[in-house]
Amino acid sequence: MVLWQLFVSYLKIGFFGFGGGYAMLSLIQNEVVVQHGWMTNAQFADIVAVSQITPGPIAINSATYVGYTVGLQTGHTWCGILGSVIATLAVCLPSLTLMMLVARFFLKLKGNRWVEGAMRGMRPVVIGMIAAAALLLIFPRSDNPDDLNFIDGWSWALFGAVFVGSWRKVNPILLICLSAAAGIGIYYLF
């Protein structure tokens, strides 16, 4: 039953998550944290962080991890592997199907002013979804202190420093390494 819920949840995410992984984050968080309670906001934030430093799209990385975690909660390690495969296939299935259909009709729709207008109209929606996902990660909807991602002033300071660094076009790999070193220094050594 849980694996079926996992499949349906990630099928919805794959079908309704337009705009890429960042735009999907709020939908993924709603399904995984709010609706089913498979993990906490803090665990979800960890998934987002790990997905940022691993190759591949965020939606697929999170589907694989959440599927494994949910499957593992139901029993054996093989259930975890099965859960990761189910969630990953479910999130990829809608886009694969839609792209096969769109590719068939692409040449007929190319240059159509209605299609181009719809694409221009989706841009602000995608930007809004990305902003909503960022706000949900910063300010989770939970009163549980374990779900907070920004636990103290140091968290906000690191966030601000990385934000300024990315705004000034500092190399992302350097930002990741410096953030990791600062986090280890602040939270484990002091």
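Count residues from 1 along the sequence. Computed from a prediction, not measured in an experiment: that's the story for all the values here.
When hydrophobic clusters are built by joining Ile, Leu, Val, Met, Phe, Trp and Tyr residues whose side-chain heavy atoms come closer than 4.5 Å, directly or via intermediates, Phe7 is grouped together with Val70. Grouping the Ile, Leu, Val, Met, Phe, Trp and Tyr side chains by contacts below 4.5 angstrom, directly or via other members, places Ile60 apart from Leu89. When hydrophobic clusters are built by joining Ile, Leu, Val, Met, Phe, Trp and Tyr residues whose side-chain heavy atoms come closer than 4.5 Å, directly or via intermediates, Phe16 is grouped together with Val32. Val164 and Val170 fall into different hydrophobic clusters, defined by Ile, Leu, Val, Met, Phe, Trp and Tyr side-chain heavy atoms under 4.5 Å apart, directly or through other members. Taking hydrophobic clusters as Ile, Leu, Val, Met, Phe, Trp and Tyr residues chained together by side-chain heavy-atom distances below 4.5 Å, Met39 does not share a cluster with Leu72.
For the residue pair Thr88 and Ser84, the shortest heavy atom distance occurs at OG1-O, 2.7 Å. The shortest non-hydrogen separation linking Ser26 to Met129 is OG-O, 4.4 Å. Considering all non-hydrogen atoms of both residues, Ser166 and Leu175 come closest at N-CD1, 3.6 Å. The shortest heavy-atom contact between Ala182 and Leu158 is CB-CD2, 3.4 Å. Asn41 approaches Gln29 most closely through the heavy-atom pair OD1-NE2, 2.6 Å. The two residues Ala63 and Ala87 come nearest to each other via the heavy atoms O-CB, 3.2 Å.
We find the CZ-CD distance between Arg113 and Glu116 to be 10.5 Å, quoted to the nearest 0.5 Å. We find the CD1-CG distance between Ile86 and Leu6 to be 6.5 Å, quoted to the nearest 0.5 Å. With values rounded to the nearest 0.5 angstrom, Thr74 atom OG1 is found 13.5 Å from Met1 atom CE.
The shortest side-chain heavy-atom distance between Tyr10 and Ser62 falls under the 4.5 Å cut-off. Counting heavy atoms from C-beta outward, Tyr68 and Ile81 have side chains that approach closer than 4.5 Å. Phe15 is listed as a side-chain neighbour of Leu98, based on a closest heavy-atom distance under 4.5 Å. No side-chain heavy atom of Val33 sits less than 4.5 Å from a side-chain heavy atom of Gln43. Phe44 has its side chain within reach of Ile28: a pair of non-hydrogen atoms, C-beta onward, lies under 4.5 Å apart.
Between the side chain of His36 and the main chain of Trp38, no donor-acceptor pair closer than 3.5 Å is present. With hydrogens and angles ignored, the 3.5 Å screen pairs a side-chain donor or acceptor of Ser95 with a backbone N or O of Cys92.
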- request: Walk me through it: do Asn61 and Val50 pass the test side chain to side chain contact (heavy atoms under 4.5 Å, CB included)?
  value: CA-CA 9 Å; Asn61 288 345; Val50 169; over 6 Å; no
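For CD1 of Ile173, the number of neighbouring non-hydrogen atoms (other residues, nucleotides, ligands) closer than 6.0 Å is 12 at most.
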